[in-house]
Colleague: 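Below is one structure. I have some questions about it.
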Amino acid sequence: MLGIDSPPGWPQRRWNAALGAAVSETMWVLLADAPGGAVLVSCCPTDFQHFVEQGLGRAGVRQTLEIWCDVPVEIARRRFEGRHPRRTADRRRMGTLATDLPPLKIGSTLRTDITGPVDTDPIVAWVNQYPAATDDTTSARIHRP
């Protein structure tokens, strides 16, 4: 995986910040070039909300829809470890993320329980109640895992 280890002489925290900034900027540039809008998957702590708002602004986004996936921390941790068997989720960090990652509520927000199978019909109906992007505006659908 690109960027999992920092380059020689770089502290891991500094590398993570630099890589995260590059990834975020790439996301906003690609969004700006997506006239039909996009689905963005992001885990942004609330103290990064201003970066999200600035990125959406630079991309010309005027409408956002946020789908917030509600799941207990323990279930999220087990799922993470199931997808990444070589990595163990830090229980303390996962608990911090659970309190630092509420919905951003930049636009309309739908909370969805994902502790079990998800019925997507209500989600699709919710998204479809909002007008799609037009030629003069870009929309973003923000999905938070």
Side-chain angles (χ1 to χ4, degrees), residues 1-120 122-124 126-127 130 132-145:
M1 181 183 328
L2 174 66
I4 198 164
D5 295 317
S6 60
W10 282 57
Q12 188 67 44
R13 190 172 186 87
R14 179 179 169 210
W15 175 243
N16 291 350
L19 188 60
V23 167
S24 291
E25 188 57 28
T26 300
M27 180 172 63
W28 304 128
V29 169
L30 290 172
L31 177 60
D33 200 35
V39 174
L40 307 177
V41 178
S42 181
C43 292
C44 296
T46 53
D47 56 344
F48 282 48
Q49 181 165 344
H50 65 285
F51 292 123
V52 174
E53 291 170 343
Q54 290 170 359
L56 291 169
R58 285 194 317 274
V61 171
R62 296 185 188 156
Q63 175 190 37
T64 62
L65 300 178
E66 179 178 11
I67 300 171
W68 175 258
C69 298
D70 273 321
V71 64
V73 173
E74 189 58 30
I75 292 174
R77 184 188 64 76
R78 280 197 316 267
R79 289 177 181 173
F80 173 84
E81 290 175 351
R83 287 191 307 270
H84 307 281
R86 295 171 137 181
R87 300 181 69 193
T88 302
D90 179 337
R91 289 176 193 269
R92 187 186 68 224
R93 176 88 173 118
M94 293 285 288
T96 300
L97 288 176
T99 58
D100 290 346
L101 289 175
L104 294 177
K105 296 185 179 176
I106 293 172
S108 298
T109 302
L110 174 69
R111 296 183 79 108
T112 303
D113 180 358
I114 64 164
T115 55
V118 176
D119 179 2
T120 59
I123 298 169
V124 171
W126 180 78
V127 169
Y130 294 91
T134 63
D135 291 341
D136 65 343
T137 185
T138 301
S139 63
R141 312 281 197 236
I142 301 179
H143 166 81
R144 306 274 305 260

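Below, each value reflects all heavy atoms present in this structure, side chains not excepted, and no hydrogens, waters or symmetry copies.
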Colleague: When you look at Ile67 and Val127, which way does the side chain to side chain contact (heavy atoms under 4.5 Å, CB included) test go after all the steps?
Modeller: CA-CA 9 Å; Ile67 300 171; Val127 169; 4.3 Å; yes
Colleague: Check the pair Ser24, Phe51 against side chain to side chain contact (heavy atoms under 4.5 Å, CB included), reporting the backbone distance first and the verdict last.
Modeller: CA-CA 9 Å; Ser24 291; Phe51 292 123; over 6 Å; no
Colleague: Could you report the tightest heavy-atom contact between Leu31 and Gly37, atom names first, then the distance?
Modeller: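 Taking Leu31 first and Gly37 second, the nearest heavy atoms are CD1-C, 4.5 Å.
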Colleague: Which pair of non-hydrogen atoms, one from Ile106 and one from Gln49, has the smallest distance, and what is that distance?
Modeller: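 Nearest heavy atoms, Ile106 then Gln49: CG1-NE2, 3.6 Å.
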Colleague: Given Met27 and Val23, is the side chain to side chain contact (heavy atoms under 4.5 Å, CB included) satisfied, shown in steps?
Modeller: CA-CA 6 Å; Met27 180 172 63; Val23 167; 5.6 Å; no
Colleague: Salt bridge or not for Arg77 and Glu74, using N-O below 4.0 Å?
Modeller: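 Yes.
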Colleague: Distance check, rounded to the nearest 0.5 Å: Thr112 atom OG1 versus Ile123 atom CD1?
Modeller: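 So the OG1 of Thr112 and the CD1 of Ile123 are separated by 4.0 Å.
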Colleague: If you take all heavy atoms of Cys69 and Ile114, which pair is closest and at what distance?
Modeller: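 Shortest heavy-atom contact: CB-CD1, 3.4 Å.
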Colleague: Check the pair Trp28, Val52 against side chain to side chain contact (heavy atoms under 4.5 Å, CB included), reporting the backbone distance first and the verdict last.
Modeller: CA-CA 9 Å; Trp28 304 128; Val52 174; 4.1 Å; yes
Colleague: Rounded to the nearest 0.5 Å, how far does CG of Leu110 lie from CG of Asp70?
Modeller: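 CG of Leu110 is found 9.5 Å from CG of Asp70.
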Colleague: How long is the straight-line distance from CG of Leu19 back to CZ of Arg14, given to the nearest 0.5 Å?
Modeller: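 The CZ atom of Arg14 sits 13.0 Å away from the CG atom of Leu19.
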Colleague: Say you draw a straight line from CH2 of Trp126 to OG1 of Thr109; how long is it, rounded to the nearest 0.5 Å?
Modeller: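 So the gap between those two atoms works out to 6.5 Å.
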Colleague: Within a reach of under 6.0 Å around CG of Asp33, are more than 12 heavy atoms found that belong to other residues, nucleotides or ligands?
Modeller: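 12 or below, so no.
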Colleague: For Gln12 versus Ser6, what's the shortest heavy-atom pair and its separation?
Modeller: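 Smallest interatomic distance, heavy atoms only, reads OE1-N, 3.2 Å.
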Colleague: Measuring from atom CG of Leu104 to atom CG of Leu56, what distance do you get when rounded to the nearest 0.5 angstrom?
Modeller: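 Spacing of CG (Leu104) from CG (Leu56) equals 9.0 Å.
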Colleague: Compare every heavy atom of Ala76 with every heavy atom of Val71, then report the nearest pair and how far apart it is.
Modeller: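 Minimum heavy-atom contact is CG1-CB, 4.0 Å.
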Colleague: Could you pull out the closest heavy-atom pair between Lys105 and Glu66, with the gap in Å?
Modeller: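 So the minimum-distance heavy-atom pair works out to N-OE1, 2.8 Å.
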